[in-house]
Amino acid sequence: MIELRLPARPALLTATVAALGLALAGCGGGAQPAATIPQKTVQSKVRQLMKAKTGKDYSVTCPGDLTVRAGETMRCYQSDRKGNTLGLTVGIKNADAADPTLTVKADPRTTPKATPKAT
């Protein structure tokens with residue numbers, strides 16, 4: 001498993017979360033929304049981690065934003081130029097809002113690009 005401690009959140013995310021918290025407080029309270037790491041940031045960080053581990057720079061796609069909550073996971077995929085994919089389980093180990101730890105666990109093997117069957 002690969003781990004990366006993310007730097008403090010971008011100001012926009014922090015401001016958005018703070019504004020939502022204030023709006024909810026003004027409406028009589030309620031649970032504050034969970035902070036998230038934007039999809040593009042997750043993809044970028046996972047790509048950097050995998051490049052550092054393997055020495056190869058492949059594209060990474062993730063389905064959306066990652067909620068900053070201990071134990072939270074999502075499935076992402078790393079693809080090479082031939083279309084082979086490697087499944088990645090990306091998660092949050094430490095949910096400290098100022099400095100969450102992102103983890104990546106790669107599947108044991110790649111899945112080759114599907115080839116159409118002749119009919």
Side-chain angles (χ1 to χ4, degrees):
M1 182 171 11
I2 305 167
E3 294 185 6
L4 171 72
R5 186 170 297 275
L6 295 175
R9 297 203 193 303
L12 177 62
L13 176 62
T14 303
T16 302
V17 171
L20 287 172
L22 289 174
L24 287 175
C27 295
Q32 289 208 357
T36 60
I37 302 170
Q39 177 184 17
K40 288 185 179 187
T41 301
V42 174
Q43 291 172 167
S44 174
K45 296 299 180 185
V46 170
R47 185 176 181 179
Q48 290 172 10
L49 282 170
M50 294 305 292
K51 183 177 181 181
K53 179 75 173 171
T54 66
K56 298 179 182 178
D57 190 16
Y58 296 129
S59 67
V60 173
T61 57
C62 299
D65 298 346
L66 180 60
T67 302
V68 179
R69 183 172 31 235
E72 189 75 21
T73 62
M74 74 165 43
R75 288 292 286 173
C76 296
Y77 297 90
Q78 173 178 292
S79 302
D80 66 16
R81 291 185 178 136
K82 295 179 184 177
N84 300 314
T85 60
L86 179 65
L88 307 168
T89 301
V90 179
I92 299 291
K93 179 177 179 182
N94 171 13
D96 179 1
D99 199 16
T101 303
L102 187 69
T103 62
V104 179
K105 183 176 181 185
D107 290 352
R109 59 181 71 96
T110 61
T111 303
K113 179 181 178 183
T115 55
K117 294 182 180 182
T119 56

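Numbering starts at 1 and runs along the sequence shown.
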Trainee: Does any part of the side chain of T103, heavy atoms only, come nearer than 4.5 Å to the side chain of V90, both counted from C-beta?
Mentor: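 They are not in contact (no side-chain heavy atoms under 4.5 Å apart), so the answer is no.
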Trainee: Taking side chain as C-beta onward, heavy atoms only, is Q78 less than 4.5 Å from T85?
Mentor: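 When only atoms from C-beta onward are counted, T85 and Q78 do not touch, as no gap falls below 4.5 Å.
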Trainee: List in chain and number order the residues that pass side-chain hydrogen bond (donor to acceptor under 3.5 Å, both in side chains) with T89, two or more places apart in sequence or in another chain; answer none if no residue qualifies.
Mentor: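 Checked T89 against side-chain hydrogen bond (donor to acceptor under 3.5 Å, both in side chains); matches are R75.
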Trainee: Between T54 (side chain) and K56 (backbone), is there a donor-acceptor pair under 3.5 Å?
Mentor: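 Answer holds: yes.
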Trainee: Test side-chain contact (heavy atoms from CB on, under 4.5 Å) on L88 and V46 and set out the steps.
Mentor: CA-CA 9 Å; L88 307 168; V46 170; 3.6 Å; yes
Trainee: When you measure from the side chain of Q43 to the backbone N and O of C62, does any donor-acceptor pair fall under 3.5 Å?
Mentor: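 Looks like yes, one N/O pair under 3.5 Å.
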Trainee: Just verifying a value: how many Å separate C76 SG and K45 NZ, rounded to the nearest 0.5 Å?
Mentor: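 Answer for the SG-NZ pair, C76 versus K45, is 14.5 Å.
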Trainee: Taking the side chain as every heavy atom from C-beta outward, state whether N94 and P100 have any pair of such atoms under 4.5 Å apart.
Mentor: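 N94 vs P100: side chains apart.
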Trainee: Do you know which two heavy atoms are closest between A34 and T67, and how far apart they sit?
Mentor: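 The pair with the smallest heavy-atom distance is CB-CG2, 3.5 Å.
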Trainee: Hey, are the side chains of M74 and P63 touching, using non-hydrogen atoms and a 4.5 Å cut-off?
Mentor: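 Yes, their side chains come closer than 4.5 Å.
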Trainee: Can you tell me how far the CE atom of M50 sits from the OH atom of Y58, to the nearest 0.5 Å?
Mentor: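 Answer for the CE-OH pair, M50 versus Y58, is 9.5 Å.
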Trainee: Hey, what do you get for CG (L102) to NZ (K93), rounding to the nearest 0.5 Å?
Mentor: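 L102 CG to K93 NZ: 12.0 Å, rounded to 0.5 Å.
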Trainee: R69: what forms a side-chain hydrogen bond (donor to acceptor under 3.5 Å, both in side chains) with it, not counting sequence neighbours?
Mentor: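 Scan of R69 (side-chain hydrogen bond (donor to acceptor under 3.5 Å, both in side chains), adjacent residues dropped) gives E72.
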Trainee: Do L86 and D80 have side chains that get closer than 4.5 Å, going by heavy atoms?
Mentor: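 Not in contact.
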Trainee: Decide yes or no for S44 and K40: does some side-chain heavy atom of the first lie under 4.5 Å from some side-chain heavy atom of the second?
Mentor: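 Not in contact.
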Trainee: What I'd like to find out is whether the side chain of I92 reaches to under 4.5 Å of the side chain of I37, using heavy atoms alone.
Mentor: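 With C-beta onward as the side chain, the pair touches.
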Trainee: With the side chain counted from C-beta on, respond yes when N84 and T111 share a heavy-atom pair under 4.5 Å apart, and no when they do not.
Mentor: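 Heavy-atom side-chain distance check fails, nothing below 4.5 Å.
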